[in-house]
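Single-structure report; data block below.
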Amino acid sequence: MSMPFDFKNKNVLVVGGTSGINRGIAETFAKAGACVAVVSRAQEKVNDTIQSLKACGAAGARGFAADVREAEAIKNGVAEIAAAWGKLDVVVSGAAGNFPALAMGMSPNGFRSVIEIDLLGTFHVMQAVYPHLQKPGASIINISAPQAEVPMAGQSHVCAAKAGVDMITRTLCLEWGAEGVRINSIIPGPIDNTEGMKRLAPNEAIRAAVKKSVPLQRMGSTDDIANACLFLASDFASYITGAVIPVDGGWAQGGAALVGAGLADMLKAMPK
Ligand code: NAP
Ligand code: COA
């Protein structure tokens, strides 16, 4: 497929961009001509991603290591990148943590960790990037998850956190719309070859049940999500803001029950 979008002269920050879906998004923006920066906790993953972004064409690729739970570190790192580039145009925020655990088998700290990474972390990122984005054409994309809308056993922490992420998207669309800043959420369906799927579909039986639960009968790819991000960040989406958009092969239209059936054995084995 040829690249249908041109992001030359656009600067893109991808938070949590050093692996999986978010790294795919970062590399796709780089291939579309953007200058791209990534943030995650592990310095070596940041370094490795910068090299690959350069190989994808983003000569000015940058990055820094920080935990989204640390507001000051995120704010300072973002400010440094915006100053080095002179401007910021697009932010994708997708740092997240997940592990399957029933509510009674999870400590308060386990619940807190996911809330603090996914929800509070998103808030920190929003506060850090906004001062550099106050202009028409600026675009923010929060990476949500089906758990925001579909309750899943073993996922109370993620369900609560991602529902909050989508309400941040919808609220900030009201607060920032007058300046022309657009903000949307993408809800990826099950995406193959990712850490998230390794954790939630750890064996072939569950993988097969997941695939069967998707109307398009396959898991998604990181390209499926990255291509949706290109569209949402482009001027072709200039009237879309406050939207929560599933990119999931139709999974949200009824897959939950089937996936629940596939996960039953895994849930039985979890501590109560
Ligand atoms: P992944 O490969 O584990 O990516 C998570 C990224 O976030 C990594 O770059 C990780 O790098 C970073 N990160 C984690 N905790 C962080 C923290 N506290 N501070 C800063 N960075 C942090 O996961 P994935 O499966 O591709 O998922 C990516 C996004 O898609 C997540 O938002 C997830 O909820 C969403 N999603 C995934 C699926 C799926 O099928 N995989 C489906 C729906 C939604 P470090 O370890 O270096 O920090
Ligand atoms: N079942 C139950 N509780 C678990 C757990 C599991 N599988 N994994 C972690 N926890 C609990 C820990 O026991 C700890 O609670 P405690 O202090 O009461 O014992 C708490 O969660 C925090 O664990 P810790 O390892 O200190 O957290 P962290 O901040 O270093 O890491 C995680 C956060 C747990 C989310 C970790 O899995 C992570 O970094 N994930 C990022 C990658 C990822 O999840 N990718 C998929 C994205 S969809």
Side-chain angles (χ1 to χ4, degrees), residues 14-17 19-25 40 68-69 91-103 106 110-123 125-126 140-170 183-202 206-207 209-211 213-216 218-229 232 242-260 262-263 266-267:
V14 183
V15 180
S19 66
I21 294 173
N22 303 322
R23 180 160 171 162
I25 293 168
S40 85
V68 289
R69 289 170 283 194
V91 173
V92 179
S93 178
N98 191 359
F99 51 82
L102 296 172
M106 190 186 322
F111 190 87
R112 182 184 300 115
S113 298
V114 169
I115 296 289
E116 286 191 350
I117 298 169
D118 295 24
L119 182 53
L120 189 59
T122 300
F123 183 71
V125 172
M126 298 301 103
I140 299 170
I141 299 166
N142 286 323
I143 304 300
S144 180
Q147 290 90 325
E149 297 187 342
V150 178
M152 282 184 211
Q155 291 284 276
S156 58
H157 47 352
V158 177
C159 291
K162 292 290 195 177
V165 167
D166 288 346
M167 285 311 276
I168 286 181
T169 293
R170 295 170 66 193
I183 174 164
N184 296 289
S185 280
I186 283 180
I187 296 191
I191 304 302
D192 214 354
N193 300 313
T194 59
E195 185 59 34
M197 264 303 110
K198 266 179 226 150
R199 291 176 183 221
L200 294 183
I206 299 178
R207 281 174 53 78
V210 169
K211 281 187 209 165
S213 71
V214 179
L216 289 182
R218 66 168 176 89
M219 288 201 198
S221 66
T222 54
D223 280 353
D224 288 324
I225 307 305
N227 292 337
C229 286
L232 268 184
V244 177
I245 300 174
V247 181
D248 67 352
W251 186 88
Q253 310 311 320
L258 268 170
V259 174
L263 284 176
M266 189 167 121
L267 291 171

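Worth knowing before you read on, the calculation uses all heavy atoms, side chains too, and leaves out hydrogens, waters and symmetry mates.
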* Please indicate whether F123 has more than 12 foreign heavy atoms, meaning atoms of other residues, nucleotides or ligands, lying under 6.0 Å from its CZ. => no

* Does the side chain of I191 reach to within under 4.5 Å of the side chain of T222, using non-hydrogen atoms? -> yes

* Determine whether F99 and V158 make a side-chain contact, defined as any pair of heavy atoms from C-beta on separated by less than 4.5 Å. => no

* If every non-hydrogen atom of S156 is compared with every non-hydrogen atom of M106, which pair is closest and at what distance? -> OG-CE, 3.6 Å

* To do: For V68 and A95, work out which heavy atoms get closest and say how close.
  => CG1-CB, 3.9 Å

* Nearest heavy atoms of G189 and P146, plus distance in Å -> CA-CG, 4.4 Å

* To do: State the OG-CE distance between S213 and M219, to the nearest 0.5 angstrom.
  => 8.5 Å

* To do: Using atom types as modelled and distance alone, determine if a side-chain donor or acceptor of H157 lies under 3.5 Å from a backbone N or O of A103.
  => no

* To do: Identify which one of Q155, R199, E195 satisfies the side-chain hydrogen bond (donor to acceptor under 3.5 Å, both in side chains) criterion when paired with N98.
  => Q155

* **Flag side-chain contact, heavy atom, 4.5 Å: S221 against D223** => yes

* Asked: With a 4.5 Å heavy-atom cut-off, do I143 and I25 have their side chains touching?
  -> yes

* Does a sphere of radius 6.0 Å around CZ in R69 hold more than 12 heavy atoms from other residues, nucleotides or ligands, not counting ones at 6.0 Å or beyond? -> yes

* Asked: Which heavy-atom pair separates I117 from G97 by the least distance, and what is that distance?
  -> CG2-N, 3.9 Å

* To do: Could you check I186 against I225 for side-chain contact (heavy atoms from CB on, under 4.5 Å), going step by step and ending with a plain yes or no?
  => CA-CA 8 Å; I186 283 180; I225 307 305; 4.2 Å; yes

* Check whether any side-chain heavy atom of V214 lies under 4.5 Å from a side-chain heavy atom of P190, and answer yes or no. => yes

* Asked: Just wondering, do I168 and L119 contact through their side chains at under 4.5 Å, heavy atoms?
  -> yes

* To do: Ignoring hydrogens and angles, tell me if any N or O in the side chain of D248 forms a donor-acceptor pair with the backbone of G250 under 3.5 Å.
  => yes

* Backbone N/O of A161 and side chain of D118: donor-acceptor pair under 3.5 Å -> no

* For the pair K162 (side chain) and I187 (backbone), establish whether a donor and an acceptor sit closer than 3.5 Å, ignoring hydrogens and angles. => no

* Looking only at atom types and distance, does a side-chain atom of D166 sit under 3.5 Å from a main-chain N or O of A163, one as donor and one as acceptor? -> no

* To do: Would you mind checking if D192 and R218 are paired as a salt bridge, meaning a charged N to carboxylate O distance below 4.0 Å?
  => no

* With side-chain contact (heavy atoms from CB on, under 4.5 Å) as the test, would you mind laying out the steps for V125 and V91 before giving the verdict? => CA-CA 9 Å; V125 172; V91 173; 4.3 Å; yes

* **Flag, side chain of N22 to backbone of G16, donor-acceptor distance under 3.5 Å** => yes

* Rounded distance [0.5 Å steps], SG in C229 versus CD1 in I245 -> 9.5 Å

* Beyond-backbone contact of I183 with M126, side-chain heavy atoms, under 4.5 angstrom -> yes

* Do the side-chain N and O atoms of T169 and S185 include a donor-acceptor pair separated by under 3.5 angstrom? -> yes

* Beyond-backbone contact of W251 with P246, side-chain heavy atoms, under 4.5 angstrom -> no

* Asked: Could you state the interatomic distance from CE (M152) to SG (C159), rounded to the nearest 0.5 Å?
  -> 6.5 Å

